[in-house]
Amino acid sequence: MGKTTISKEKLSKEKNTNKNVLTQNEEVVADTRSTETLLIENLKVNIGKISGIIEAQGCAAFCDTNLLSSEEVEDYSLEFLELFVQILGSGNEKNKDSDEYQALIHFFNNCSEQLQIRGGTLEQFVAYMHFLQTSLIQGLEDDDSLSKVQFREVLLMIAALFNDISLQVFKLYLSEKEFTIRAQQEELLQTSTPITEIWDGVLTLPIIGSLDSSRTMIVMEKLLERIESERSRMVVIDVTGVVTIDSQVAHHLIQMMRAIKLMGAVPIITGIRPEIARALTSLNIDLDGVITRATLSDGLKEAFAHLNISVTKQAQ
Amino acid sequence: MSGIHLTVLSRKCVLLEPGISLDPAKPEDYALDIITFIQKNHTQGLIYDLKNIPLIDHTYYQWLSYLFTLCKLNNAQFIVVHMQPSAAYGLARIISEPPPFKSALSIESARELFF
């Protein structure tokens, strides 16, 4: 079946005239027409009215809040109707793999993305889809050539198609959202473990917040890479900001100390809070061979002492 | 000596570089050559270069521990250098006790530890 396209000129003409284009002969065979054909013909007849409704409602919803301009609403309206007619014309409205179906999904995804980028919400997008559907149904209401059965079939078809599309778009929206959340978590993780070379050969790592296994692993990986690249001989890990610790994390911490030693550097842990010390003791975590100091300042002094560096106040 | 290369760095210090053909599962195959070299050169420290070893598994760890014991029996120190982050990360996860041998960042650091 050939694809039907809607040009702006044609739309404008039809908006003005809005006359019934069905001929006498076509009405005679109306009973045998498929649901898709009925809908296409109805769209042809009411295209001006439907697109007018869509544009007016689209403008009311998005133009005031600056989410979309009136030109964009008009373009979206035209594109939607064109794609909708194409999918009906191809008879592929149930075939999710068809080009026409994918094109319609792509259209809605683009629309959803654009709204999201500009600060729109999912609710606004769902409302947009809803009034697209309503506009099509309103267009049908004035069509006297449709019998009750045909009207019902067309309604069911529109509802099924829009439900499918909503589901697809919602799935994509959720996966995009999950991707964004993961990316933000990753970024947060990177920024929450700042490894700084505070002196030649001395790395410091203040750990803030709660330590879990995945975070410990990432910290360990980054730290070992830095030891190698900076040729650092001392590593001061400050855990003043660590609130809780469990046995698994405590073991990871010990593994971290061991890995630092294996690299040839000396680890120093500073700022172990009383709660953490109590937890480590009750977990029977052996910190033998690990240098610990009360504060970051003491840890740095220890690191400097290892490197035979002395920091003294200049005499005035 | 196939699989390992020994270089005298100084009067009492020897560098061991493992080759591609080294089989860490057969430490005895290399023991005699290493002991002979250590004794002949009056070696007080053996430096094992790990720069080309991306991962250290149980077998390789056993091989390193074997070399440590070998050195100890000959009154020599054993230090590994240039351990890769991936190797340190992996090894730290598989051992439950600290390793018997020392590690150093570089050959220079290792030599400082010897003397």
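The closest donor-acceptor contact from the side chain of B:N74 to the backbone of B:A76 lies at 3.5 Å or more, if one exists at all. In this structure, B:Q62 contributes its side chain and B:Y66 its backbone to no donor-acceptor pair below 3.5 Å. No side-chain donor-acceptor contact under 3.5 Å links A:S232 to the backbone of A:E228.
Counted by atom type alone, A:Q102 and A:D97 present zero donor-acceptor pairs between their side chains at under 3.5 Å. Residues B:T43 and B:N41 have side chains that never bring a donor and an acceptor to within less than 3.5 angstrom of each other.
Side chains of B:I4 and B:I34 form a contact here, defined as non-hydrogen atoms less than 4.5 Å apart.
Contacts from residues 84-97 of chain B to chain A, taken as heavy-atom pairs separated by less than 4.5 Å, involve B:Q84, B:P85, B:A88, B:Y89, B:L91, B:A92, B:R93, B:I95, B:S96, B:E97 in sequence order. Close approach to chain B, defined as a heavy atom under 4.5 Å from one of its heavy atoms, is seen in no residue of residues 299-311 of chain A. At a heavy-atom separation below 4.5 angstrom, chain B is approached by A:Q255, A:R258, A:A259, A:K261, A:L262, A:M263, A:G264 within residues 255-265 of chain A.
In the displayed structure, B:L32 atom CG is contacted under 6.0 Å by at most 12 heavy atoms of other residues, nucleotides or ligands. The environment of B:N75 atom CG is sparse: at most 12 non-hydrogen atoms of other residues, nucleotides or ligands sit within 6.0 angstrom.
Looking at A:R226 and A:E221, no side-chain N of the basic residue comes within less than 4.0 Å of a carboxylate O on the acidic one, giving no salt bridge. Salt bridge absent: A:E197 and A:R231 never bring a charged side-chain N and a carboxylate O closer than 4.0 Å.
A search for salt bridge (Lys or Arg N to Asp or Glu O under 4.0 Å) contacts involving B:K51 returns B:E17, B:D49, not counting sequence neighbours.
Interface residue B:P98: backbone and side-chain heavy atoms are both found under 4.5 Å from chain A.
Side-chain rings of A:Y128 and A:F62 approach one another, their centers coming within less than 6.0 Å.
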- [ ] I would like to know whether A:F107 and A:Y76 meet ring pair (Phe, Tyr, Trp, His ring centres under 6.0 Å); could you show each step before the answer?
- [x] CA-CA 9 Å; A:F107 162 77; A:Y76 272 132; 5.7 Å; yes
